[in-house]
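Here is the structure we will look at.
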Amino acid sequence: MADTANIQDRHFHAIDTDRLLPPERAPHAPRILLLYGSLRDRSFSRLMTEEAARILTRFGAETRTFCPSGLPLPDDAGADHPKVQELRDLVTWSEGMVWCSPERHGAMTGIMKTQIDWIPLSLGGVRPTQGKTLAVMQVSGGSQSFNAVNQLRILGRWMRLLTIPNQSSTPKAFLEFDDNGRMKPSPFYDRVVDVMEELMKFTMLTRDNKAYLLDRYSERKESAADLSERVNQNAI
């Protein structure tokens, strides 16, 4: 046996494949929340999010899309603000998410970041995003770039979301949608289908054993009170 004298045996658990691969599966449709990052009348991130929602529905998901109009800047209002509460309730409801942002000045938009900043890392001793799935997408006005999706991926990992490997980046988005706001057939559309298919698979694969996937040695060593105190520090 390897020398692991620092490990406290009573908190160290062997991998339980019965819990990792539970035979019982939730019967309800996967719940997916979609966020987009622009408030323009013809917002291509919103239009692509709407396409993603249609595809997810075709795959059997239940989808809800948050409209960021009226959401205050972080710390410019309290958590009891109606739009903040709406967003947080949707995050709690969801089992997976889609984040889609335009690229502006080589980065995600402030509208996108504001939504993410209002999602708390913890509520009491519970992390509302931890263990849920995430797919990231972006639209660009010019040539193809991956700046926004790379930033979204970092944020997803920071919030302990299971960010899926695939992603979508659509360049010259103004050429990819028709006058009715529908995405035209193209390899870029096919990529969105690929990403939504992968998101559904990962969501259905992980949602029933999320509690076990998030069961960690270090946190088993802490009491619930200690954990709540640590993750809810007012200042660092």
In terms of heavy-atom contacts, does NE2 of His105 have more than 12 from other residues, nucleotides or ligands at under 6.0 Å?
-> no
So does Asp41 get a backbone contact from the side chain of Arg46, meaning a donor-acceptor N/O pair under 3.5 Å?
yes
OG1 (Thr129) and CG (Leu33) are apart, to the nearest 0.5 Å, by 11.5 Å
Practice task
Please indicate whether Trp93 has more than 12 foreign heavy atoms, meaning atoms of other residues, nucleotides or ligands, lying under 6.0 Å from its CH2.
Solution key: yes
Taken to the nearest 0.5 Å, the spacing of Leu90 CG from Met97 CE works out to 10.5 Å
Residues pairing under salt bridge (charged side-chain N to carboxylate O under 4.0 Å, His left out) where one sits in residues 56-80, two or more places apart or in two chains, turn out to be Glu62-Arg64
Residue pairs passing the side chain to side chain donor-acceptor pair (under 3.5 Å) test with at least one member in residues 130-141, sequence neighbours excluded, are Glu103-Gln138, Gln130-Arg160, Gln130-Arg216, Thr133-Thr203, Gln138-Ser140
Open item on the list: Hydrophobic clustering (ILVMFWY, side-chain heavy atoms < 4.5 Å, transitive) - are Ile116 and Val139 grouped together?
Closed with: no
Sorted by chain and residue number, the side chain to side chain donor-acceptor pair (under 3.5 Å) partners of Arg104 (sequence neighbours excluded) come out as none
In this structure, CG of Asp117 is separated from CG of Leu155 (nearest 0.5 Å) by 7.5 Å
Distance col, row Leu35:CG vs Leu71:CG, nearest 0.5 angstrom, shows 10.0 Å
In this structure, CG of Asn150 is separated from CD of Gln167 (nearest 0.5 Å) by 6.0 Å
Verify the cluster assignment for Leu199 and Met159: are they in a single hydrophobic cluster under the rule of side-chain heavy atoms below 4.5 Å apart?
-> no
Quiz item: Do Thr170 side-chain atoms and Ala173 backbone N/O form a donor-acceptor pair below 3.5 Å?
Solution: no
By ring pair (Phe, Tyr, Trp, His ring centres under 6.0 Å), Phe177 pairs with (sequence neighbours left out) Phe44
So does Asn166 get a backbone contact from the side chain of Arg191, meaning a donor-acceptor N/O pair under 3.5 Å? no
When rounded to the nearest 0.5 Å, the distance separating NZ of Lys210 from CZ of Arg207 is 11.0 Å
For Arg40, the salt bridge (Lys or Arg N to Asp or Glu O under 4.0 Å) test, sequence neighbours excluded, returns none
In short, salt bridge (charged side-chain N to carboxylate O under 4.0 Å, His left out) pairs touching residues 162-188 with sequence neighbours left out are Glu51-Arg182
Can Glu198 and Lys201 be counted as an ion pair, charged N to O under 4.0 angstrom? no
Practice task
Check whether the side chains of Gln151 and Asn147 place a donor and an acceptor atom closer than 3.5 Å, and report yes or no.
Solution key: no
